[in-house]
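This report refers to the structure that appears directly beneath it.
Values below: all heavy atoms of this structure, side chains included; hydrogens, waters and symmetry mates excluded.
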Amino acid sequence: MTTLDSPPTVSNMAKGSMTLFLGVGVLLALLIVAKTTSAAMAFHGYIMIFAFTLGIVGVINLGFGKGGRITAEASPAGVFYNDGVIKACVIAAVFWGIVAFLAGDILAWQMSYPALDLGLPWTNFGRLRPLHTSAAIFAFGGNVLLASSFYVVQRTSKARLAGEIAPWFVFWGYQLFIVLAATGYLLGITQSREYAEPEWYVDIWLTIVWVVYLLVFLGTLWRRREPHIYVANWFFLSFIITIAMIHVVNNLAVPVSFTEPKSYSLFSGVQDALVQWWYGHSAVGFFLTAGFLGIMYYFVPKRAQRPVYSYRLSIIHFWSLIFLYIWAGPHHLFYTALPEWTQTLGMTFSIMLWMPSWGGMINGLMTLNGAWDKLRTDPVLKMLAVSIAFYGMVTFEGPLMAIKAVNSLSHYTNWTIGHVHSGTLGWVSYVSFGALYCLVPWLWKRKELYSLKLVNMHFWISAIGIVLYITAMWVGGITQGLMWRAYDNLGFLKYSFVETVEAMHPYYIIRAVGGLLFVIGALIMAYNLWRTARGHGDAVPIGQAVPAE
């Protein structure tokens, strides 16, 4: 076999630059600890000192005594792929996924039985709820996207990830962001912006990490040996660029002091609301949709061993989706002080989104043509196929709920909660589980997963949990909306608010039970992946990595 690359090395200049950068971080963190009057921010300062110091030690030891060489093995394509950082992302994704799902189920039980908040400030609903959403979206989903994008861009470009320190900086820097955000929520540090709760200094750190992520991805594409950029990479690239843009704009703020956590947004009033939901819905559209469509366009054809049904349709899907999605945010602000024309604009673009979304769904499902029989024997492919079906269902329900007449019934009710979780559990989580089930044998050089029976068990237990969850929220939410708008013969409200809350109790219990089943399924997956990585059962080691190019 002729290798196309030479073994990877890390230069002393790169090590010196990163050491200097982290050293400056240590000094700034020391300043925060010395000057702040906030015990919570001082705690974050200590975390940063610890993390940056460990980073300096890691950088100094990288390739130490080997002439800067990194231990790596050439793939069958003759490329020294950087799979170590992808393995780390996979492990982090599984860990944070269990944390996120468990936190969500605890919150579901708290909604059923409020006394379960234990009367402690860091275990109440207001602090645990952003912990759950951020852990699910950014910790679990973000690490899955890091792992899959790093894997796909290397294999479809036949090129090693750009940089040696930079990909690891992205991974560890992102984990530091997650820890700072999560502990901040529990300690009461928040700017109270949906999906953007971390305060200014955590936002700045994430911006630095994200820019490096973009540079690593672009650098890998630049050095590619394939002339064509595969469509999955277009979706990953749009996700990275758009998230950077909306993150910076939405978090423009003025801190009260360099050493204090509090800041004030650059926007106010209705402008602030519009920017927030421009960000919020674009985060759904690009973090939870475009990024995971990149996963779909690689792992579904790969697992089914079939080409994408229509490459032309995938390009139309891409360009129409990224153009339309960023205009849909105003549908979160119907019947508010937002100008009527802006509300109508958001509704119009939301309805138009149905077409490209279903184009992508059709493309994904039609890729299975000639491979439908594999759904009987391959539960991983079955999970991927069901995720596409959920994507189609959610992208029909979303435009429906964006119609003002429908929204007048659904808004502020549990119907919205059911819609969001049919997307996050059915689409995002299932396509992520499918990708993880593919990646672990490929990365750890195993012939097969430890147990396909456990994958099937995971599928059915979690599927029952999803159905219980979303149906309870759909029925409960519509009940809520109808009770809120019910009037008696004299024109007075027929139900008090507390009566509508009481009516939700059985639905909340069903939701909590469904969430518990989903957590159990995730634990089964973690056990299966751990046994696979260890080479137990059918997951026997093989001489070379599975040729996934």
- Task: Could you tell me whether Arg129 and Glu194 make a salt bridge, using a distance below 4.0 angstrom between a side-chain N and a carboxylate O?
- Result: yes
- Report the relative orientation of the aromatic rings in Phe101 and Phe140; use parallel for angles under 30°, tilted for 30 to 60°, perpendicular for over 60°. perpendicular
- Taken to the nearest 0.5 Å, the spacing of Met347 CE from Met401 CE works out to 15.0 Å
- Query: Can the ring centres of Trp442 and Tyr151 be said to be less than 6.0 Å apart?
  - Reply: yes
- Could you tell me whether Arg193 sits above the aromatic face of Tyr279, with NZ or CZ closer than 6.0 angstrom to the six-membered ring centre and within 45 degrees of the axis? no
- Message: Parallel, tilted or perpendicular: which one describes the rings of Trp354 and Trp358, with boundaries at 30° and 60°?
- Response: tilted
- Item | Pro301 backbone acceptor or donor facing Arg306 side chain under 3.5 Å | no
- Message: Testing the 3.5 Å rule here: is there a donor-acceptor pair between the side chains of Tyr298 and Ser148?
- Response: no
- Item | Which residues share a ring-ring contact (aromatic ring centres under 6.0 Å, His included) with Tyr195, sequence neighbours left out | none
- Query: Is Leu128 close to Leu131 at the side-chain level, that is, under 4.5 Å between some pair of heavy atoms?
  - Reply: yes
- Side-chain (Lys374) to main-chain (Ala304) donor-acceptor, under 3.5 angstrom: yes
- Query: Do Leu353 and Thr395 have side-chain heavy atoms sitting under 4.5 Å apart?
  - Reply: no
- Message: Keeping Gln343 on the side-chain end and Leu338 on the backbone end, is there a donor-acceptor pair under 3.5 Å?
- Response: yes
- Message: Taking the side chain as everything from C-beta on, heavy atoms only, tell me whether Pro167 gets closer than 4.5 Å to Asn82.
- Response: yes
- Message: For the aromatic rings, using the six-membered ring if either is Trp, is the centroid distance between Phe433 and His458 under 6.0 Å?
- Response: yes
- Side chain proximity check, Phe150 to Val170, heavy atoms < 4.5 angstrom: yes
- Enter the distance from Leu161:CG to Trp168:CH2 here, rounded to the nearest 0.5 Å. 10.5 Å
- N-O pairing of Asp83 and Arg160 below 4.0 Å: no
- Does the gap between the ring centers of Tyr430 and Phe459 come in under 6.0 Å? yes
- State, yes or no, whether a side-chain contact exists between Leu384 and Met296 at a heavy-atom distance under 4.5 Å. no
- Message: Less than 3.5 Å apart, any donor N or O on the side chain of His411 or Thr416 sitting next to an acceptor on the other?
- Response: no
Report, one line per pair, each donor and acceptor closer than 3.5 Å where one atom sits in a side chain of residues 516-528; sequence neighbours left out.
from, atom 1, to, atom 2, distance (Å)
Tyr527, OH, Arg531, NH1, 2.4
Asn528, OD1, Ser451, N, 3.1
Asn528, ND2, Ser451, O, 2.8

- Message: Using the ring-ring contact (aromatic ring centres under 6.0 Å, His included) criterion, which residues pair with Tyr309? Sequence neighbours excluded.
- Response: none
- So, Arg446 side chain and Ala533 main chain: donor-acceptor pair closer than 3.5 Å or not? yes
- Message: Side chains of Asn251 and Ile204, heavy atoms from C-beta outward: is any pair under 4.5 Å?
- Response: no
- Query: Would you call Pro130 and Glu197 a side-chain contact if the rule is heavy atoms closer than 4.5 Å?
  - Reply: yes
- Query: Side-chain contact, heavy-atom cut-off 4.5 Å: Tyr507 with Val475?
  - Reply: yes
- Tightest non-hydrogen contact, residues Asp203 and His247, listed as O-NE2, 3.1 Å
- Can you check whether Leu186's main-chain N or O pairs, donor with acceptor, with Arg127's side chain at less than 3.5 Å? yes
- Task: State whether the side chain of His132 and the backbone N or O of Ala100 hold a donor-acceptor pair below 3.5 Å, judged by distance alone.
- Result: yes
- Query: Is the distance between the ring centroids of His281 and Tyr325 under 6.0 Å?
  - Reply: yes
- Donor-acceptor contact present, side-chain Gln154 to main-chain Tyr81, <3.5 Å: no
- Could you state the interatomic distance from OG (Ser429) to CE (Met383), rounded to the nearest 0.5 Å? 10.0 Å
- Query: Do Phe287 and Phe292 have ring centroids that are under 6.0 Å from one another?
  - Reply: no
- Message: On a heavy-atom basis, which atom in Ser320 and which in His317 lie closest, and how many Å separate them?
- Response: OG-O, 3.3 Å
Taking distance alone, no hydrogens or angles, what donor-acceptor pairs closer than 3.5 Å link side-chain atoms of residues 175-184 to residues at least two apart or in another chain?
from, atom 1, to, atom 2, distance (Å)
Gln175, OE1, Trp96, NE1, 3.0
Gln175, NE2, Asn143, OD1, 2.8
Gln175, NE2, Phe171, O, 3.2
Thr183, OG1, His44, NE2, 2.8
Thr183, OG1, Val179, O, 2.7
Thr183, OG1, Leu180, O, 3.3

- Item | Spatial distance of atom OG (Ser282) from atom CD1 (Ile243) [nearest 0.5 Å] | 8.0 Å
- Item | Closest approach of Asp105 to Ala512 (non-hydrogen atoms, all atoms of both residues) | OD1-O, 2.7 Å
- Query: Just how far is it from atom CD1 of Ile316 to atom CG of Leu321, taken to the nearest 0.5 Å?
  - Reply: 13.0 Å
- Pairing residues for Trp205 by the ring-ring contact (aromatic ring centres under 6.0 Å, His included) criterion, not counting sequence neighbours: Phe52, Phe169
- Query: OG1 of Thr367 to NZ of Lys302: how many Å apart, nearest 0.5 Å?
  - Reply: 14.0 Å
Quick one: side chains of residues 230-239, donor-acceptor pairs under 3.5 Å with protein atoms, not counting sequence neighbours, listed by atom name and distance.
from, atom 1, to, atom 2, distance (Å)
Tyr230, OH, Tyr297, O, 2.5
Asn233, ND2, Thr156, OG1, 2.8
Trp234, NE1, Ile229, O, 3.4
Ser238, OG, Trp234, O, 3.4
Ser238, OG, Phe235, O, 2.9

- Item | Polar side-chain atom of Ser350 near backbone of Pro399 as donor-acceptor pair, under 3.5 Å | no
- Among Tyr391, Trp427, Phe390, side-chain contact (heavy atoms from CB on, under 4.5 Å) partner for Met361: Tyr391
- Can you name the nearest heavy-atom pair linking Ala166 to Val216, along with the distance? CB-CG2, 3.6 Å
- Evaluation steps, side-chain hydrogen bond (donor to acceptor under 3.5 Å, both in side chains), between Tyr469 and Ser422: CA-CA 8 Å; Tyr469 191 117; Ser422 60; over 6 Å; no
